[in-house]
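Everything on this sheet refers to the single structure shown next.
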Amino acid sequence: MDAFVYNAHAARVVFGAGSLQHLEREIGLLGAQRALVLSTPGQRKLAERVAALLGAKAAGIFDGAVMHVPIEAARQARDEARRLEADCAVAIGGGSTVGLGKAIALESGLPILAIPTTYAGSEMTPIYGITEGGLKKTGKDARVLPRTVIYDPDLSTGLPVGLSVTSAMNAMAHAAEGLYAQDSNPIMSLMAEEGLTAMSRALPGIVRRSGDIEARSQALYGAWLCGTVLGNVGMALHHKLCHTLGGSFNLPHAECHTIVLPHAMAYNAPAAPEAMARIARAIGTQDAAAGLYDLARDNGAPVALRDLGMPEADLDRAADIAVSNPYWNPRPIERTAIRALLQNAWAGVRPVTNVSRNP
Ligand SMILES: NC(=O)C1=CN([C@@H]2O[C@H](COP(=O)(O)OP(=O)(O)OC[C@H]3O[C@@H](n4cnc5c(N)ncnc54)[C@H](OP(=O)(O)O)[C@@H]3O)[C@@H](O)[C@H]2O)C=CC1
Ligand SMILES: O=C(O)/C=C\C(=O)CC(=O)O
């Protein structure tokens, strides 16, 4: 076994259908008296439900969370937290809302209690992202890691099926890249495999019936594991490509992850055969790249960047950006091969590698 460093991030997890009922207890355990509840405008009703559960411990609601945390939204939320003398932020929603909580915590150190309703996994990471002047900057800071996470599958039954599938693929991307991370360790690899399995099993159930609580529970469990992997080990080419497509071409986050993941795996397969075998085993397929593509397609997700409205003419510029300041990657980053990868992802070609055969 190779030597490794394992650095556990402490977060309290309360998991299970109906676990939102424990919110008041959990706020009490954080020692908070005045919680600012955060949401997007679309999830305002959920935020009101949370505030009602908190009663006198709800200082107010800020429903201005926006994808990729624009600095203006972060400033407004920070001002509101100060004005209301909040001593805690409760973020209910997806990665955008948790990200807003992180922007507050980064400045003030306020503890975050996160109640995720998508599978993006931000609640399990010390990673923050803030967008200013059209550029998204990310960083790591222990202050932004939520102290408590309530995973209540009842709250994700309203997540539209299409978004559920792409959000799950976003989570699976964290686990897949975690399996070949430079700083991987056996514990994170176990979590990654288990997260991939949970997600691949959950998706058909959610697609069959959005309100299937067992499938929703499996998916949230998968999101927890995959998010933990993201928070603990480094990401590589796939995340760089998605940050390029989202940041510079304004393509939607989870859909980008869904479309690019099989192609990034095909690119890295020759350099990371063991990781590919583990991915293939976890999702019950013979070939990691093709299996991830099939999982997305068979559950109704988009598989071509052109279907997101990306012009083919932008592929050259995307390749240029993706190869500049690359993240560490198991296979060297070659511009010609990255351009070909993007072409395949744009057209929606099904990748087959034949190097990740599941033994
Ligand atoms: N820092 C980190 O570690 C990570 C950060 N991220 C960041 O998080 C963002 C992506 O997260 P993601 O969760 O995909 O995006 P959002 O939080 O924007 O949510 C995606 C979509 O899901 C909808 N939604 C969320 N909850 C519900 C619900 N209960 N019922 C119905 N619809 C719901 C939202 O609708 P509505 O808009 O109406 O709320 C929105 O349309 C990106 O900015 C990404 O960079 C992602 C992963 C990790
Ligand atoms: O961009 C961020 O906010 C930080 C990380 C991620 O978004 C991870 C991802 O690409 O899903």
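Indexing begins at 1, ligand by ligand and atom by atom, following the structure's order.
Clustering ILVMFWY residues whenever any of their side-chain heavy atoms sit less than 4.5 angstrom apart, transitively, puts Tyr267 in a cluster other than the one holding Tyr180. By the rule that hydrophobic residues join a cluster once side-chain heavy atoms approach within less than 4.5 Å of another member, Leu113 and Leu106 end up as members of separate clusters. In terms of hydrophobic clustering, with Ile, Leu, Val, Met, Phe, Trp and Tyr side chains grouped at heavy-atom distances under 4.5 Å, Trp346 and Leu261 are assigned to different clusters.
The residues Asp63 and Lys45 are annotated as not salt-bridged, no charged nitrogen and carboxylate oxygen being separated by less than 4.0 angstrom. Using a cutoff of 4.0 Å between basic side-chain nitrogens and carboxylate oxygens, Asp294 and Arg350 are scored as salt-bridged. Comment: Arg83 engages Glu80 in a salt bridge, judged by a side-chain N to carboxylate O separation of less than 4.0 angstrom.
Nearest protein heavy-atom contact of atom 48 (C) of ligand 1 is Leu230 CD2, 3.5 Å. In terms of protein heavy-atom proximity, atom 31 (C) of ligand 1 is nearest to Gly158 O, 3.2 Å. For atom 6 (C) of ligand 2, the closest non-hydrogen atom of the protein is His243 NE2, 3.7 Å. Of all protein heavy atoms, the one lying nearest to atom 4 (C) of ligand 2 is Ile127 CG2, 3.8 Å. Shortest contact from atom 12 (P) of ligand 1 to any protein heavy atom: Gly95 N, 3.5 Å. In this structure, atom 6 (N) of ligand 1 lies nearest to the protein heavy atom Ser122 CB, 4.3 Å. In terms of protein heavy-atom proximity, atom 45 (O) of ligand 1 is nearest to Lys136 NZ, 2.7 Å. Protein heavy atom at the shortest distance from atom 7 (O) of ligand 2 is His253 CE1, 3.5 Å. Summary of contacts: the protein heavy atom closest to atom 40 (C) of ligand 1 is Leu163 CD1, 4.4 Å. The shortest contact between atom 2 (C) of ligand 2 and any protein heavy atom is with Lys136 NZ, 3.4 Å. Of the protein's non-hydrogen atoms, the one nearest atom 24 (N) of ligand 1 is Leu159 CD1, 3.5 Å. Protein heavy atom nearest atom 3 (O) of ligand 1, with residue, atom name and distance: Thr125 OG1, 2.6 Å.
Ranked by closest heavy atom to atom 27 (C) of ligand 1, the top entry among Asp154, Thr117, Thr166, Thr138 is Thr117. For atom 25 (C) of ligand 1, the candidate residues are Thr118, Ile127, Thr40; the nearest heavy-atom contact is made by Thr118. Of the options His239, His243, His174, Met67, the smallest heavy-atom separation from atom 42 (C) of ligand 1 is shown by Met67.
At a 4.0 Å heavy-atom cut-off, ligand 2 does not touch Met235 at all.
Of the N or O atoms in Pro160, none lie within a sub-3.5 Å distance of an N or O in ligand 1. On a distance-only criterion, His68 and ligand 1 share at least one N/O pair closer than 3.5 Å. In terms of polar-atom proximity, defined here as any N/O pair under 3.5 Å, Gln43 does make such a contact with ligand 1. In terms of N/O distances under 3.5 Å, ligand 1 is not approached by Ala120. For ligand 1, the polar-atom distance check finds no N/O of Ser156 at less than 3.5 Å from any of the ligand's N/O atoms.
In the model, Tyr293 has no side-chain atom that pairs as donor or acceptor with a side-chain atom of His263 under 3.5 Å.
Between atom CE of residue Met265 and atom CG of residue Leu292 there is a gap of 7.0 Å, rounded to the nearest 0.5 Å.
Taking every non-hydrogen atom of Ser96 and a distance limit under 4.0 Å, the qualifying atoms of ligand 1 come out as 8 (O), 9 (C), 11 (O), 15 (O), 16 (P), 17 (O), 18 (O). Ligand 1 places these atoms under 4.0 Å from at least one heavy atom of Lys102: 1 (N), 2 (C), 3 (O). For ligand 1, the atoms sitting less than 4.0 Å from at least one non-hydrogen atom of Gly94 are 13 (O), 17 (O), numbered in the order shown with element in parentheses. Contact atoms of ligand 1 toward Gly42: 38 (O) (distance under 4.0 Å to a heavy atom of the residue). Set against the non-hydrogen atoms of Asn170, the atoms of ligand 2 under 4.0 Å away are 11 (O). Listed by number with element, the atoms of ligand 1 under 4.0 Å from a non-hydrogen atom of Leu155 are 29 (N).
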Report task. Step by step, work out the salt bridge (Lys or Arg N to Asp or Glu O under 4.0 Å) result for Glu26 and Arg12. Result -> CA-CA 9 Å; Glu26 294 303 320; Arg12 178 177 164 88; 2.7 Å; yes

Query raised in the report: Does the pair Glu107 and Arg82 meet the rule for a salt bridge (Lys or Arg N to Asp or Glu O under 4.0 Å), with working shown?
Result: CA-CA 11 Å; Glu107 189 196 63; Arg82 268 191 300 272; 2.9 Å; yes

Report task. Would you sort out whether Asn329 and Asn268 count as a side chain to side chain donor-acceptor pair (under 3.5 Å), showing the intermediate values? Result -> CA-CA 8 Å; Asn329 192 60; Asn268 280 335; 2.7 Å; yes

Query - Test log, rule salt bridge (Lys or Arg N to Asp or Glu O under 4.0 Å), inputs Arg278 and Glu193 - result: CA-CA 7 Å; Arg278 292 185 80 163; Glu193 255 198 78; 2.5 Å; yes

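The shortest side-chain heavy-atom distance between Asn170 and Tyr119 does not fall under the 4.5 Å cut-off. Residues Pro204 and Asn299 have side chains in contact (heavy-atom distance under 4.5 Å, counting atoms from C-beta outward).
At least one heavy atom of His257 sits closer than 4.0 Å to an atom of ligand 2.
A donor-acceptor contact shorter than 3.5 Å links the side chain of Ser164 to the backbone of Pro160. Although no hydrogens or angles enter the test, the distance criterion places a donor-acceptor pair under 3.5 Å between the side chain of Lys102 and the main chain of Ser122.
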